[in-house]
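Okay, structure first, notes after.
In listed order, ligands and their atoms are each counted from 1. Because the structure is predicted, anything quoted here is derived from the model rather than measured. Just so you know, these numbers use all the heavy atoms, side chains as well, and skip hydrogens, waters and symmetry mates.
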Amino acid sequence: MSPANSRLHVAVTRRLPKIVEERMRELFDVRLNDDDHRPDREELAEMLRNSDVLVPSLSDRLDSDMLMQAGDRLKLIANYGAGVDHIDLKAAAENGIMVSNTPGVLTEDTADMAMALIIAVTRRLSEGVLAMQSGSWEGWSPTAFLGGRIGGRKLGIVGMGRIGRAIARRATAFGMEIHYHNRTRLRPETEAELRATWWDSLDQMLARMDVISVNVAHSPATFHLLSARRLKLLQPSAVLINTSRGEVIDENALTRMLRAGEIAGAGLDVYEHGHEANPRLRNLPNVVLLPHMGSATVEGRIEMGEKVIVNIQTFAHGHRPPDLVIP
Ligand code: DGY
């Protein structure tokens with residue numbers, strides 16, 4: 001029986017927006033996670049054994065040991081999210097399992113959040129919020145809460161993919177000067193549109209920027225791309241923003257430098273060890289920490305669900321899912 005002739009058994013590891021879950025119920029024989037608990041490895045393995053399609057999210061680690069436990073029927077991992085660094089793509093391919101993701105629909109929301117962090121750190125928003133929440137504000141003063149002017153600052157974007165470019169568009173509107181480092185240089189017309197300067201050398205760019213925004217995917221090649229050595233190249237007045245993956249920055253080295261005042265501030269939405277941010281980052285006045293909420297809009301999360309459904313349905317009809325990830 002071809003997958004299109006039967007209702008596919010689809011296991012979803014986390015709670016999704018209601019409208020997405022309802023549509024999935026109509027289309028598939030779906031197993032949902034009503035209480036949104038985080039499945040442990042045993043439960044994940046059981047889902048892998050008994051489903052045609054698994055819909056995981058970034059908190060489900062699908063390493064090669066785990067994928068070895070997949071049953072013959074598992075043919076597609078339709079990831080709910082753009083990043084697939086929690087899935088061993090090679091092991092999936094070796095086990096005959098396709099992997100798809102949800103690119104494109106979280107670009108603008110993530111870029112908004114990166115811009116929000118640039119402003120929050122540079123203009124000391126969290127210190128202002130804290131003063132008001134604690135009732136410690138004693139009234140306006142010429143020298144209180146002085147941050148830096150956003151306009152005119154040099155923004156260095158590490159990784160000029162969709163999100164990097166969306167950040168560049170926003171930052172240009174704020175009067176920032178755009179610089180970027182990317183494996184491949186953008187086309188001249190895109191560079192001109194973004195008014196962006198390309199740096200072949202990441203080290204040289206890092207040493208000259210006021211704000212750095214990290215926007216590369218995590219892979220073995222980008223693990224600790226911002227190593228202790230590279231972080232030391234930053235100017236003491238520089239601010240570091242990360243809305244991509246925590247593993248790209250050596251978090252211990254960054255924490256040490258922030259505490260020692262060797263860099264001016266950081267805005268982080270992601271951490272090297274998942275949801276466990278280095279505790280020594282907490283309560284630093286020059287650091288804004290967010291709980292990986294860059295793509296957290298109702299609209300974005302629904303569009304991610306729609307992409308997942310399109311990928312599963314395309315597969316069910318015997319075609320290649322449009323967002324297939326090639327290992
Ligand atoms: C993703 O989809 O990989 C994002 O990091 C979620 O915000």
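At a threshold of 4.5 Å between side-chain heavy atoms, the hydrophobic network of Ile, Leu, Val, Met, Phe, Trp and Tyr places L281 and L117 in two separate groups.
Not a single salt bridge (Lys or Arg N to Asp or Glu O under 4.0 Å) links E306 to another residue, sequence neighbours left out. The salt bridge (Lys or Arg N to Asp or Glu O under 4.0 Å) test applied to D65 returns no partner, not counting sequence neighbours.
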Can I get a per-line list of side-chain donor-acceptor pairs under 3.5 Å for residues 141-153, giving both atom names and the distance, sequence neighbours left out?
residue	atom	partner	partner atom	Å
S141	OG	T143	N	3.3
S141	OG	A144	N	3.3
R153	NE	R149	O	2.5

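Note that the CD atom of Q69 and the CD atom of E46 stand 11.0 Å from one another [nearest 0.5 Å].
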Show me a pair-per-line table, with atom names and distances to 0.1 Å, of protein N or O atoms that are under 3.5 Å from an N or O of ligand 1.
residue	atom	partner	partner atom	Å
ligand 1	2 (O)	A82	N	2.7
ligand 1	3 (O)	G83	N	2.8
ligand 1	3 (O)	R245	NH2	2.7
ligand 1	5 (O)	R245	NH1	2.8
ligand 1	5 (O)	H292	NE2	3.0
ligand 1	7 (O)	H292	NE2	3.3
ligand 1	7 (O)	S295	OG	2.7

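Side-chain contact between H275 and H292 is absent, with no heavy atoms from C-beta onward closer than 4.5 Å.
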